[in-house]
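First up is the structure itself, then whatever we jot down about it.
The figures that follow rest on heavy atoms only: side chains count, while hydrogens, waters and symmetry mates do not. Count residues from 1 along the sequence.
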Amino acid sequence: FMPGNEQYPGAKRRFAKKGPTKGSGGKRRRGLEGRGPTPKAEDRVGHPRARAKARAEARAAQPTHAKRLEQARARIGVPADHEIVCGRNAVAEAARLGQLAHEETGFGFPLHKKLKNEFASRNVWEYIKDTPTCGVLSHDKERKIIEIGAPVGVIVALTPSTNPTSTAIFKSLISVKARNAVIVAPHPSAANCTAEAVRVIVEAGEKAGMPPGLVSCLEHPTIEGTTELMSHYATSMILATGGPGMVKAAHSKGKPALGVGPGNVPAYVDRTAHIAKAARMIVESKSFDCSTICATEQAVIADAPIAERLK
């Protein structure tokens, strides 16, 4: 959600102060019910002073986290406790977070979002848990190259409205696994569910020993705030998931950045394929969560001899 992107009308209204406003007829503005007392402006993670505080906490927590993991893995060769419980807690809350994402954004199906949350927590963690991230990772004696794992520092993770909770979960897990601090910057139309997903991870992690401030979230995101966060000298790397404008902005900050978004994904069906099975799988993939996944099929290219059968 970068400057020049017009897809967020009403973002300011969503995060207005709680309570009656001029011309509102005494009614609260949408998006704040049930959230409790509104914090002072300077206490919100989104206010300039709060952003500065979040950055300071992340920078302070990251070295402690990195040192603890290095000591733990050198001693027993397994992930730290807080890495494990972060993923477990996200799996346990997958259905609730999926429902929250659907209700807030209006996108997709709650059940499908639950499956994405489970994959982003359980499956991603199972894949990365045994991957070494510190010390000597590889040694090529012939080429005389030693690869040593080291954290980059503070990561800013931009998340989309289409897959808000699952993206926040997996970016938090991979950042912590690699001994980094992470600040999640949500899409304004998915701010509440994204903040809740991060809270679930933080609550479990800190109870198990994760340094406070290692993982945080902009609870009241704005274009200006996110732009400042990406540009700040303390930000070491940007993980951007979203539209072309946002990804382009992330890659223009002069920092290491990984940007992904919707692509024009083709599916090729060869004459040797199981035609009925291929057709069923393409339809199932395309319709999953109302086609909100970036990698969903956008076109089908069929080998001429089987094209009519595939249709």
Side-chain angles (χ1 to χ4, degrees), residues 54-91 119-159 166-185 197-198 200-217 229-230 232-241 250 253-260:
R55 287 193 297 263
E57 289 179 346
R59 294 187 71 197
Q62 187 271 326
T64 302
H65 171 63
K67 186 175 181 180
R68 286 182 183 176
L69 291 196
E70 189 165 4
Q71 292 173 341
R73 288 169 186 161
R75 185 173 64 253
I76 56 178
V78 299
D81 289 343
H82 62 263
E83 292 181 289
I84 299 172
V85 299
C86 284
R88 286 179 180 172
N89 213 38
V91 171
F119 184 89
S121 49
R122 180 179 56 235
N123 294 66
V124 168
W125 174 247
E126 287 296 322
Y127 183 79
I128 67 173
K129 68 177 183 179
D130 296 322
T131 301
T133 59
C134 61
V136 176
L137 305 182
S138 65
H139 186 188
D140 188 332
K141 295 182 178 179
E142 182 178 339
R143 300 172 64 190
K144 298 181 179 179
I145 296 176
I146 298 176
E147 185 180 13
I148 299 175
V152 298
V154 177
I155 293 176
V156 170
L158 279 62
T159 58
S166 55
T167 306
I169 291 169
F170 97 78
K171 286 188 176 182
S172 297
L173 290 179
I174 63 175
S175 297
V176 170
K177 169 65 176 176
R179 300 188 291 154
N180 299 295
V182 59
I183 302 175
V184 177
V198 174
V200 165
I201 290 174
V202 170
E203 183 179 72
E206 292 187 357
K207 284 183 179 179
M210 185 172 75
L214 189 72
V215 179
S216 61
C217 179
L229 191 62
M230 290 193 296
H232 196 270
Y233 75 90
T235 296
S236 306
M237 186 176 188
I238 303 170
L239 301 180
T241 304
K253 300 304 177 185
K255 303 173 183 292
L258 297 175
V260 295

Next item on the list: Check A157 against V182 and note the closest heavy-atom contact, atom names and distance.
Entry: CB-CG2, 3.8 Å
Check: Got S175 and L239 here, is their nearest side-chain heavy-atom distance under 4.5 Å?
Finding: yes
Next item on the list: Work out which heavy atom in C86 is nearest to a heavy atom in L173; give both atom names and the distance.
Entry: CB-CD2, 3.9 Å
Checklist line | M237 side, atom CE; M230 side, atom CE - distance, nearest 0.5 Å | finding: 14.0 Å
Checklist line | Distance in Å, D130 CG paired with W125 CH2, rounded so as to fall on 0.5 Å steps | finding: 8.5 Å
Note to self: Given 3.5 Å as the limit, does a donor-acceptor pair link the side chain of N180 with the main chain of P151, or not?
What the structure shows: no
Check: Which residue, N89, I169, V184, V176, forms the side chain to side chain contact (heavy atoms under 4.5 Å, CB included) with I201?
Finding: I169
Margin query: I need the K171 NZ to L158 CG distance, nearest 0.5 Å.
Written below: 6.5 Å
Checklist line | Smallest separation among heavy atoms of S166 and A120, with atom names | finding: O-CB, 3.3 Å
Item checked: Gap between atom CZ of F170 and atom CG of N123 - 0.5 Å precision -> 13.0 Å
Notebook entry, point to check: Do K253 and T235 pass the side chain to side chain donor-acceptor pair (under 3.5 Å) test, and can you show the C-alpha distance, the side-chain angles, and the key distance before you say yes or no?
Noted result: CA-CA 10 Å; K253 300 304 177 185; T235 296; over 6 Å; no
Notebook entry, point to check: How far apart are the closest heavy atoms of A197 and A168, and which atoms are they?
Noted result: CB-CB, 4.5 Å
Notebook entry, point to check: Donor-acceptor pair, S236 side chain versus V152 backbone, under 3.5 Å?
Noted result: yes
Next item on the list: Could you tell me whether the side chain of R88 and the main chain of A204 form a donor-acceptor pair under 3.5 Å?
Entry: no
Check: Are L214 and E206 side-chain neighbours, meaning at least one heavy-atom pair lies under 4.5 Å?
Finding: no
Checklist line | Atom pair CD1 (I183) and CD1 (I238), whose distance is rounded to the nearest 0.5 Å | finding: 11.5 Å
Check: Can any side-chain N or O of K177 pair as donor or acceptor with the backbone N or O of T131 at less than 3.5 Å?
Finding: yes
Check: Any donor and acceptor pair, going by atom type alone, linking the side chain of K255 with main-chain N or O of H232 inside 3.5 Å?
Finding: yes
Margin query: I'd like to check V215 versus M210 (side-chain heavy atoms, cut-off strictly below 4.5 Å). Are they in contact?
Written below: yes
